[in-house]
Each structure stands twice: as structure tokens, then as C-alpha cells.
Amino acid sequence: MSSNNEAAVFAFYRYNPSMAGAVIFTILFTITTVWHVVQLCRTQTWFFIPFTVGGIFEIIGYIGRGLSSHESPNWTLGPYLIQTLFLLLAPALLAASIYMLLGRIILILGAESHAILKKKWLTKIFVTGDVLSFLLQGAGGGIQASGSLSGMQNGERIIVVGLFVQIFFFGFFIVTAGAFDRKLKKYPIPRCRDPSIPWRKHLNILYITSFLIMVRSVFRLVEYLQGNNGYLLHHEVFLYVLDAVLIFLAMIVFNLFHPSEISHLLHAENDYELQSAANKHAI
């Protein structure tokens, strides 16, 4: 899709998408996602299902880019929408599991009093914001499916709103995690010093992956704010460096430091408490 006046007409791409880049990241995301599926099934860490589905979305998105590359320069709407939608939506799924991880860290420490949000509200608020951003971005992509110039432009505007919502809630989440951490340092509790609870390691992992996803989300927001003829959309390298690489790193980090460690400890404590309650009742 092209025009002599590029500033006035929506174009699917302002460059020829790289087949090599699409293939490389399809393979990389397949490796990390299959690894996550195996870990998910083996450890039964079910709250990480959205994270794993996010990996599947990344695979589909880069397959879409590969299809677009094969069509250059006469691109069609289908592959373009596949790569746009799935690559936009994947990080929201990753974020949903990260939100739930913080809730489990708070529970395993028995430190709900140190959190600025109670556990029941923490998960509800952040996951609700995540779902809202997911729906807005998905709706924007759906409107773009019309293929008309107005549909493409209106879809972009709705996607921008969805990205703003995602960044707002994710930023608030990072502030919430940081405030919880600071309060633990100021008012430590005995369980913080228990070496059998690797909460510090997993909280640090949460910080690292949250930073990676936040940088990616800010990049995509700036990309859409610049418009279809913006500088970022004229250079494919930004998509790979500030989106593909960052999300891949976030997925690999969780492969290496899987949250099942926290989840299993929490389940073991719950089972112990239930058994203790049953024994007292029997007596």
C-alpha cells in the first residue's frame, strides 16, 4: 500500500520487512515458549498461563511479519494485521502473570500489611487495567481490519489509548512493588530473613522483567504517537531492538528463574495449614 504523498496516506510498512528478522524471532520465541509450556505442565504453575499464551502470540506475530516480507512491496491486509495485533497484545498477557507474581510474593511473606493495596485488590485492579488495555488495543486492530484509510487512522488512535492505559497501570504496579519493597526494608519481618523463601530473588526478577516490558510499551506508544509516517516506522531496527529483543529477554529470564519456586512454597504452606486445622478438629 503506497502513495506519492506518504504523509497523507496510510501505508502498511515504510520499509520492506526483513524475512531474516521474522524467521529468527519466530524461532527464538518458539524455543522460549515451548520451554515455558514444559515448565508450566511440569510445575503446574497455572497463574503463568497468560505469560505462556503471550509467547504464542509473539510466535504468531512474527510469522505474520514473515508473510508480509514474502509479499513485499505489494502487502495485503491479513498478514499486516496478524503481526500488528499479536505483537501489540502479547506483552499485556505477560504483564498479567507478573501482576499475580507480586501477589504471591506478598502472601508467602505474610506481609500484606506492608503493601499499599490488599492482595484481593492488587490482583483485581492490575488485571482489570491489563484487560482494558488488551481490549482497547484489540479493538483498534479490529477497526483497522476495515482496510480503509479512516479505519486505519481511527484504529491507531484507539491503540494509542490502549497503550496509555497499559503504561499507566504498569507504572502504578512498579510503584506498588517498589513501595512494598521499601517498607519491608524499613520495617522487616522475620520471614524476610528466612533463607528458604527466595522472595528477594523473585522480586528482583519482577523488577527486571517489568522494566523490559515498560521500555517496550513506551517505545510502541511513541511509535504510534509519531503517526504512520513517523521516524520509528521508517526504521525496522527499532521494532527488533526495542520490542522483540526486550520481550524475548523477559521470557528467557522467567525460563531461568521460574516463579514455580514461590508458587510451590505457597501451596506447601496452604496444605500444611489445612492439615493442621484438620488435626485440631479431629482432636
Side-chain angles (χ1 to χ4, degrees), residues 1-19 21-22 25 54 57-58 60-95 129-130 132-171 211-247:
M1 191 174 185
S2 60
S3 171
N4 292 329
N5 187 357
E6 288 188 326
V9 177
F10 188 99
F12 289 163
Y13 302 96
R14 299 294 182 176
Y15 50 76
N16 289 328
S18 167
M19 175 63 81
F25 278 95
F57 273 36
E58 292 285 346
I60 296 172
Y62 285 103
I63 289 174
R65 286 190 72 82
L67 294 174
S68 283
S69 175
H70 184 69
E71 295 178 343
S72 294
N74 301 309
W75 305 294
T76 58
L77 182 63
Y80 168 77
L81 282 181
I82 288 172
Q83 67 90 32
T84 296
L85 270 176
F86 284 93
L87 296 183
L88 268 177
L89 297 176
L93 294 168
L94 272 61
D130 204 48
L132 178 60
S133 73
F134 185 97
L135 292 176
L136 284 167
Q137 292 175 70
I143 291 172
Q144 287 187 325
S146 68
S148 66
L149 176 59
S150 62
M152 290 294 182
Q153 293 173 335
N154 290 333
E156 278 194 338
R157 295 186 187 104
I158 294 174
I159 288 170
V160 165
V161 174
L163 287 167
F164 266 118
V165 170
Q166 185 177 60
I167 290 171
F168 172 79
F169 278 96
F170 208 67
F211 173 76
L212 293 172
I213 294 174
M214 177 61 87
V215 171
R216 173 267 173 198
S217 297
V218 171
F219 155 67
R220 294 311 296 260
L221 177 61
V222 173
E223 178 188 61
Y224 274 91
L225 286 175
Q226 287 186 351
N228 182 253
N229 197 35
Y231 179 80
L232 293 176
L233 279 178
H234 275 271
H235 301 84
E236 187 179 23
V237 64
F238 290 114
L239 173 76
Y240 283 107
V241 173
L242 295 175
D243 191 325
V245 170
L246 298 185
I247 298 302

Handout entry: Within-4.5 Å side-chain heavy-atom neighbours: Ile213 and Ile247
Key = yes
Smallest heavy-atom separation, Pro79 atom then Leu67 atom, equals CB-CB, 3.8 Å
Closest non-hydrogen atoms of Leu94 and Gly54, given as atom of the first, atom of the second and distance, are CD1-CA, 3.6 Å
*asked:* Can you confirm whether Phe219 sits close enough to Leu232 that some side-chain heavy atom of one is under 4.5 Å from a side-chain heavy atom of the other?
replied: yes
### Query
Any side-chain heavy atom of Arg216 within less than 4.5 Å of one from Leu87?
no
>> Using side-chain heavy atoms (C-beta onward) and a distance below 4.5 Å, is Glu71 in contact with Asn74?
In response: no
When rounded to the nearest 0.5 Å, the distance separating CG of Asp243 from CD of Glu58 is 6.0 Å
Just wondering, do Phe164 and Leu221 contact through their side chains at under 4.5 Å, heavy atoms?
yes
Between the CD atom in Gln144 and the CD1 atom in Ile158, the distance rounded to the nearest 0.5 Å is 9.0 Å
For residues Gln226 and Leu233, determine if any side-chain heavy atom of one lies less than 4.5 Å from a side-chain heavy atom of the other.
no
One should read off an interatomic distance between Arg65 CZ and Met19 CE, to the nearest 0.5 angstrom, of 11.5 Å
Pairwise side-chain contact, Ser72 with Tyr13, heavy-atom cut-off 4.5 Å (strictly under)
no
Heavy-atom nearest pair, Phe134 first then Ala92, reads CD1-CB, 4.0 Å
ask   = Using 30° and 60° as the class limits, which term best fits the ring planes of His235 and Phe238: parallel, tilted or perpendicular?
value = perpendicular
**Asked** Does Ser18 offer a backbone N or O that forms a donor-acceptor pair with the side chain of Glu236 under 3.5 Å?
**Response** yes
(message) Please evaluate residues Gln137 and Gln166 with respect to the criterion side chain to side chain contact (heavy atoms under 4.5 Å, CB included), reporting the C-alpha separation (whole Å), side-chain torsions for both, the decisive distance (0.1 Å), and the verdict.
(response) CA-CA 10 Å; Gln137 292 175 70; Gln166 185 177 60; 3.9 Å; yes
When rounded to the nearest 0.5 Å, the distance separating OG of Ser133 from CZ of Phe170 is 10.5 Å
Check: For Tyr15, does the OH atom sit with more than 12 other heavy atoms under 6.0 Å from it, leaving out its own atoms?
Finding: yes
Do Ile143 and Glu156 make a side-chain contact, defined as non-hydrogen atoms from C-beta onward lying under 4.5 Å apart?
no
d(Leu239 CG, Tyr62 OH) to nearest 0.5 Å is 4.5 Å
For Ala22 and Tyr240 the tightest heavy-atom approach is N-OH, 3.2 Å
* To do: Just do the side chain to side chain contact (heavy atoms under 4.5 Å, CB included) check on Asn16 and Trp75 with the steps written out, would you?
  => CA-CA 10 Å; Asn16 289 328; Trp75 305 294; 3.4 Å; yes
Look at the aromatic rings of Phe12 and Phe10 and report parallel, tilted or perpendicular, splitting at 30° and 60°. perpendicular
To the nearest 0.5 Å, atom OH of Tyr80 lies from atom CD1 of Ile82 at 13.0 Å
Here the pair of heavy atoms bringing Leu85 nearest to Gly141 is CD2-CA, 3.6 Å
